[in-house]
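Nothing fancy with the numbering, it's 1 onward along the sequence.
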Amino acid sequence: MTEQRPSTFDRSLHAPVPLWRDIRAIQVVAQILFLIAVIVAGFWLINNLINNLEASKIAIDFGVLERPFGTKISEGQLDFNPGESSNWKALQAGVQNTLRVVVVGLAGATILGVLIGIGRLSTNFLVRSVAVTYIEIFRNTPLLVQLYFIYRGLRLTLPETLADSYRLPGPIFINRRAINFPLIQGTDSAWLLYAGLAAGLAAGIALWIWRLRVQDRTGQPAHTLRWFAPAVLTGAAVGWLLSGNPFTVDYPRLETFNFTGGDRLSAEYTALTLGLILYTAAFIADIVRAGIQAVPYGQIEAARAQGFSGGQTLRLIVLPQALRLIIPPLGNQYLNLAKNSSLGIAIGFFDVYNVANVISNQTGQSVALFAVMMLIYLAISLAISAIMNAVNYSMRLRSR
């Protein structure tokens, strides 16, 4: 028996959904209400702040940045003169010190984290146990406690007097105050070396791209490094010969009260950078471990069937696929490292947070100084995010 369809068209079945039941309209209204609530809350907070400052007879004055900074900064800018240089120049010195920690910390934490993460998956019991122990210790203890432990450890184990400093080849002198090492400075003709190196890099990149295209067209191995390395070395050698003597070396020398000449890394900088590297590397190691384990095991078996060694399998098969999963959470750890560098104030390191805190105590302009400091950290975080987003975009899967 066939079903009888209604002869008349039922318009109620196709009536538009009322706005109060339309999910899209509800979402738009909810977002507008949330935006209004945020604006009202922000206006209330700012108005409350201004009223409280007026009641305390304190006005927000960014002109304090032009006042002289009265504290000696022993880190970074050695030409900084207390009482003569402005607060703005002191903040610039603090930013430079922060960037020194962040850049070195990011590189060190990445290298150590990748090695520990690979060791976490090693078939060797000793290597795997050391990696697991490292990760568990550094992930489950506060960073501030680790910084205190490292800093106090350096202070207690290194020589107190400069005359008793450990001397390493270089010469490099290590004591409780700092690590003094030779400073390499460029001469007036160093630009010829840099120009030759830049030309070599450009030629090497061009040869690298050309060899990859040849490989795609003919199927022959690209051997990119065999073409890239000679081009770079040739450019550098030509630039060196043209420049004559592009560098001079200033060696540290022990004088009556301190070392002169060369360069130095203070104990505070060393402890902070080392602490950030060890702490962040533990989280990066777990990210690398998870990314490698996310690669299907069939890929590894196929590589072994093709005769790839363990190192070739990891370098050519596993890591390129795992990077697509590793990079997004890796960016979060990079941001955490940049923000955690502000803990250097606990061990007396003159980063931008410590300098801003000193200026705030001297001038009473806490709001202005912390607003500037927030903008500086925001700029650093946005720069790291932009770089990681670009790297993540370059690693995306491309389909035809």
Exercise. When you look at CD of Gln215, are more than 12 heavy atoms from neighbouring residues, nucleotides or ligands closer to it than 6.0 Å?
Worked result: yes
Problem set entry | Spacing of Leu106 atom CG and Ile111 atom CD1 [to the nearest 0.5 Å] | 11.0 Å
For this session: Return yes if some donor-acceptor pair links the side-chain N/O of Thr234 with the main-chain N/O of Pro230 below 3.5 Å, else return no.
Result: yes
For this session: Show your working on side chain to side chain contact (heavy atoms under 4.5 Å, CB included) between Thr363 and Arg67 and close with a plain yes or no.
Result: CA-CA 9 Å; Thr363 62; Arg67 298 180 187 176; 3.9 Å; yes
For this session: Hey, could you give me each pair passing salt bridge (Lys or Arg N to Asp or Glu O under 4.0 Å) that has a residue in residues 214-238? Not counting sequence neighbours.
Result: none
Exercise. For Asn140, does the CG atom have more than 12 heavy-atom neighbours from other residues, nucleotides or ligands under 6.0 Å away?
Worked result: yes
For this session: Provide the closest heavy-atom pair for Ala190 versus Pro246 in the form atom of the first, atom of the second, distance.
Result: CB-O, 3.5 Å
Problem set entry | Co-membership, hydrophobic cluster, residues Leu143 and Leu272, 4.5 Å side-chain | yes
For this session: With sequence neighbours left out, write down each residue that passes ring pair (Phe, Tyr, Trp, His ring centres under 6.0 Å) with Tyr353, or none if nothing qualifies.
Result: none
Problem set entry | Residue pairs passing the salt bridge (Lys or Arg N to Asp or Glu O under 4.0 Å) test where at least one lies in residues 281-291, sequence neighbours excluded | Arg139-Asp286, Asp286-Arg289
Exercise. Side chains of Gln146 and Thr141: donor-acceptor distance under 3.5 Å anywhere?
Worked result: yes
Exercise. Counting N and O atoms only, with roles assigned by atom type, does the side chain of Ser381 sit under 3.5 Å from a partner on the main chain of Leu378, one being a donor and the other an acceptor?
Worked result: no
Exercise. Are Leu45 and Met374 grouped together when hydrophobic residues (ILVMFWY) are joined by side-chain heavy atoms under 4.5 angstrom apart?
Worked result: no
Exercise. Do any N or O atoms from the side chain of Thr187 and from the backbone of Asn245 form a donor-acceptor pair under 3.5 angstrom?
Worked result: yes
Exercise. Atom CD1 of Ile326 and atom OG1 of Thr110: how far apart are they, to the nearest 0.5 Å?
Worked result: 11.0 Å
Exercise. With a 4.5 Å heavy-atom cut-off, do Val372 and Leu91 have their side chains touching?
Worked result: yes
Exercise. Do we see a donor-acceptor contact under 3.5 Å between the side chains of Thr161 and Asp164?
Worked result: yes
Exercise. Are the side chain of Thr273 and the backbone N or O of Thr270 linked by a donor-acceptor pair below 3.5 Å?
Worked result: no
Exercise. How long is the gap from CD1 on Ile116 to OG1 on Thr133, to the nearest 0.5 Å?
Worked result: 10.5 Å
Exercise. What's the shortest heavy-atom distance between Leu276 and Val101, and which atoms?
Worked result: CD1-CG1, 3.4 Å
Seminar exercise, completed: Between the OG atom in Ser165 and the CZ atom in Arg177, the distance rounded to the nearest 0.5 Å is 9.0 Å
Exercise. Can you check whether Glu66's main-chain N or O pairs, donor with acceptor, with Ser86's side chain at less than 3.5 Å?
Worked result: no
For this session: Determine the minimum heavy-atom distance between Ile347 and Ala271, stating which atoms define it.
Result: CD1-CB, 4.0 Å
Please list, one pair per line, the donor and acceptor atoms closer than 3.5 Å that link side chains of residues 201-213 to other protein atoms, with sequence neighbours excluded.
| residue | atom | partner | partner atom | Å |
| --- | --- | --- | --- | --- |
| Arg211 | NE | Ala222 | O | 2.9 |
| Arg211 | NH2 | Pro221 | O | 3.2 |

For this session: Could you check if a side-chain atom of Ile184 sits within less than 4.5 angstrom of a side-chain atom of Asp263, using non-hydrogen atoms only?
Result: no
Problem set entry | Heavy-atom neighbours of Leu242 CG exceed 12 at 6.0 Å | yes
Exercise. Please, which pairs that meet ring pair (Phe, Tyr, Trp, His ring centres under 6.0 Å) have at least one residue in residues 271-328, sequence neighbours excluded?
Worked result: Tyr279-Phe283
Exercise. Linking I/L/V/M/F/W/Y whenever any side-chain heavy atoms sit under 4.5 Å apart, do Val132 and Val114 land together?
Worked result: no
For this session: Indicate the atoms forming the closest heavy-atom contact of Ser266 with Ala178, along with that distance.
Result: CA-CB, 3.8 Å
Exercise. Any side-chain heavy atom of Tyr269 within less than 4.5 Å of one from Asn97?
Worked result: no
For this session: Would you check if the side chain of Asn47 reaches a backbone N or O of Phe43 as a donor-acceptor pair within less than 3.5 Å?
Result: no
Problem set entry | Val95 vs Ile376 side-chain heavy atoms within contact, under 4.5 Å | yes
For this session: Hey, could you give me each pair passing ring pair (Phe, Tyr, Trp, His ring centres under 6.0 Å) that has a residue in residues 142-198? Not counting sequence neighbours.
Result: Phe173-Phe259
Exercise. Hey, any chance Val127 and Ile292 share a hydrophobic cluster, counting ILVMFWY side chains that come within less than 4.5 Å of each other, even indirectly?
Worked result: no
Problem set entry | Any donor-acceptor pair under 3.5 Å from Gln299 side chain to Val295 backbone | no
Exercise. Got a sec, which residues hit ring pair (Phe, Tyr, Trp, His ring centres under 6.0 Å) with Phe350, two or more places apart in sequence or on another chain?
Worked result: none
Exercise. Could you give the distance from CG (Asn87) to CG (Leu65), rounded to the nearest 0.5 Å?
Worked result: 6.5 Å
Exercise. Any donor and acceptor pair, going by atom type alone, linking the side chain of Asn392 with main-chain N or O of Met388 inside 3.5 Å?
Worked result: no
For this session: Please list, chain by chain and in numerical order, all residues satisfying ring pair (Phe, Tyr, Trp, His ring centres under 6.0 Å) with Tyr334, sequence neighbours excluded.
Result: none
Problem set entry | Tyr377: ring pair (Phe, Tyr, Trp, His ring centres under 6.0 Å) partners, not counting sequence neighbours | none
Exercise. Below 4.5 Å, heavy atoms only, C-beta onward: do Tyr134 and Leu278 meet side chain to side chain?
Worked result: yes
Exercise. Which pair of heavy atoms, one from Leu337 and one from Ala109, lies closest together, and at what distance?
Worked result: CD1-CB, 4.2 Å
For this session: With the side chain counted from C-beta on, respond yes when Leu193 and Ser243 share a heavy-atom pair under 4.5 Å apart, and no when they do not.
Result: yes
Exercise. CD1/Ile277 to CD1/Ile284 distance, rounded to the nearest 0.5 angstrom?
Worked result: 10.0 Å
Exercise. If only atom types and distance count, is the side chain of Asn389 paired as donor or acceptor with the main-chain N or O of Ser385 below 3.5 Å?
Worked result: yes
For this session: Verify the cluster assignment for Val367 and Trp88: are they in a single hydrophobic cluster under the rule of side-chain heavy atoms below 4.5 Å apart?
Result: yes
Exercise. Taking all atoms of both residues into account, what is the closest heavy-atom pair of Gly291 and Ala322, and its distance?
Worked result: O-CB, 3.4 Å
Seminar exercise, completed: Sorted by chain and number, sequence neighbours left out, side chain to side chain donor-acceptor pair (under 3.5 Å) with Ser341 holds for none
Exercise. Any donor-acceptor pair under 3.5 Å linking the side chain of Asn175 with the backbone of Leu162?
Worked result: no
Seminar exercise, completed: Residues pairing under salt bridge (Lys or Arg N to Asp or Glu O under 4.0 Å) where one sits in residues 333-356, two or more places apart or in two chains, turn out to be none
Exercise. Quick one: are Ile300 and Ile317 in side-chain contact, heavy atoms under 4.5 Å?
Worked result: no
Exercise. Does anything in residues 241-257 pair up under salt bridge (Lys or Arg N to Asp or Glu O under 4.0 Å), and if so which pairs, sequence neighbours excluded?
Worked result: Asp250-Arg253
Problem set entry | Residue pair Gln333 / Ile287, side-chain heavy-atom distance below 4.5 Å | yes
